[in-house]
Amino acid sequence: MSKLMDKSPVGINKIIRPMLDNKKIQFNDLQGTLKRVTEEVKDATGFNARWKREEESFYNGEITLRVKNNVICTYCIKYNVEQNLFIATEVL
């Protein structure tokens, strides 16, 4: 018998957090990483997920994951020039 997936925002966030929180992402892999997250959510829940940049958080480098128009989580993605990569940090 297969395990039931928790499709609540908290359950979905448990999928996302290990993939993104405090992760260092190569410049050329940022889009691919974000896409893999949405595909993983769809595979696990059957729901489409989309990253959105809210107008007020655009300049802070924040991006929000929405599933069925519900906010699941927000990440701040900042570029680190010295390391030549992006660092994703969950906004709580």
Side-chain angles (χ1 to χ4, degrees):
M1 177 162 46
S2 67
K3 220 167 119 175
L4 290 176
M5 169 61 202
D6 180 0
K7 295 181 181 181
S8 71
V10 171
I12 295 171
N13 200 15
K14 286 180 183 177
I15 297 168
I16 299 162
R17 189 172 286 130
M19 296 177 76
L20 274 185
D21 197 30
N22 294 315
K23 296 294 181 186
K24 295 179 179 181
I25 306 165
Q26 294 296 319
F27 176 77
N28 60 353
D29 194 35
L30 180 61
Q31 291 294 59
T33 298
L34 296 175
K35 183 174 176 148
R36 280 191 296 280
V37 169
T38 59
E39 290 169 349
E40 186 69 28
V41 170
K42 181 166 182 154
D43 289 347
T45 66
F47 299 144
N48 287 324
R50 293 178 49 179
W51 289 105
K52 298 283 244 177
R53 285 201 180 264
E54 308 295 335
E55 186 175 335
E56 61 274 4
S57 65
F58 179 79
Y59 295 105
N60 296 335
E62 294 178 359
I63 189 168
T64 300
L65 185 74
R66 293 181 170 268
V67 174
K68 296 181 77 173
N69 284 328
N70 295 311
V71 171
I72 302 300
C73 59
T74 300
Y75 277 84
C76 179
I77 300 178
K78 297 217 174 186
Y79 184 68
N80 183 304
V81 175
E82 295 166 357
Q83 296 181 36
N84 193 30
L85 47 76
F86 289 94
I87 300 174
T89 307
E90 186 174 11
V91 176
L92 302 174

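Keep in mind the model is a prediction, meaning the values are calculated, not measured.
- Through side-chain heavy atoms spaced under 4.5 Å, either directly or across other Ile, Leu, Val, Met, Phe, Trp or Tyr residues, Ile87 is tied to Leu85.
- In this structure, Asn60 has no side-chain hydrogen bond (donor to acceptor under 3.5 Å, both in side chains) partners at least two apart in sequence or on a different chain.
- Under the rule for a salt bridge (charged side-chain N to carboxylate O under 4.0 Å, His left out), Asp21 has no partner lying at least two apart in sequence or in another chain.
- Between the CD1 atom of Ile63 and the CD1 atom of Ile77 there is a distance of 5.5 Å, given to the nearest 0.5 Å.
- Between atom CG of residue Asn13 and atom OG1 of residue Thr74 there is a gap of 9.5 Å, rounded to the nearest 0.5 Å.
- Hydrophobic clustering of Ile, Leu, Val, Met, Phe, Trp and Tyr side chains at less than 4.5 Å, counting indirect connections, keeps Val10 apart from Val91.
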Using residues 34-41 as the side-chain source, report each donor-acceptor pair under 3.5 Å to any protein atom, sequence neighbours left out, with the distance given to one decimal.
from, atom 1, to, atom 2, distance (Å)
Arg36, NH1, Gly32, O, 3.4
Arg36, NH2, Asp29, OD1, 3.4
Arg36, NH2, Asp29, OD2, 2.9
Arg36, NH2, Thr33, OG1, 3.0
Thr38, OG1, Lys35, O, 2.8

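- Looking at residues two or more places apart in sequence or on another chain, you find no salt bridge (charged side-chain N to carboxylate O under 4.0 Å, His left out) involving Arg53.
- Residues passing the side-chain hydrogen bond (donor to acceptor under 3.5 Å, both in side chains) test with Lys14: none are found, sequence neighbours excluded.
- The heavy-atom pair separating Val71 from Pro9 by the smallest distance is O-CB, 4.4 Å.
- Residues passing the side chain to side chain contact (heavy atoms under 4.5 Å, CB included) test with Val81, sequence neighbours excluded: Tyr79.
- A salt bridge (Lys or Arg N to Asp or Glu O under 4.0 Å) check over residues 81-92, counting only residues at least two apart or in different chains, returns the pairs Arg17-Glu90.
- Atom CD1 of residue Ile72 and atom OG of residue Ser8 lie 8.0 Å apart, to the nearest 0.5 angstrom.
- One hydrophobic cluster, built from ILVMFWY side chains closer than 4.5 Å, holds both Met19 and Ile25.
- Not counting sequence neighbours, the partners of Lys52 by the side chain to side chain contact (heavy atoms under 4.5 Å, CB included) test are Arg50, Glu54, Arg66.
- Residues satisfying the side chain to side chain contact (heavy atoms under 4.5 Å, CB included) criterion with Lys68, sequence neighbours excluded, are Phe47, Asn70.
- Residues Val67 and Asn48 form no side-chain contact, since every pair of their non-hydrogen atoms from C-beta on lies 4.5 Å or further apart.
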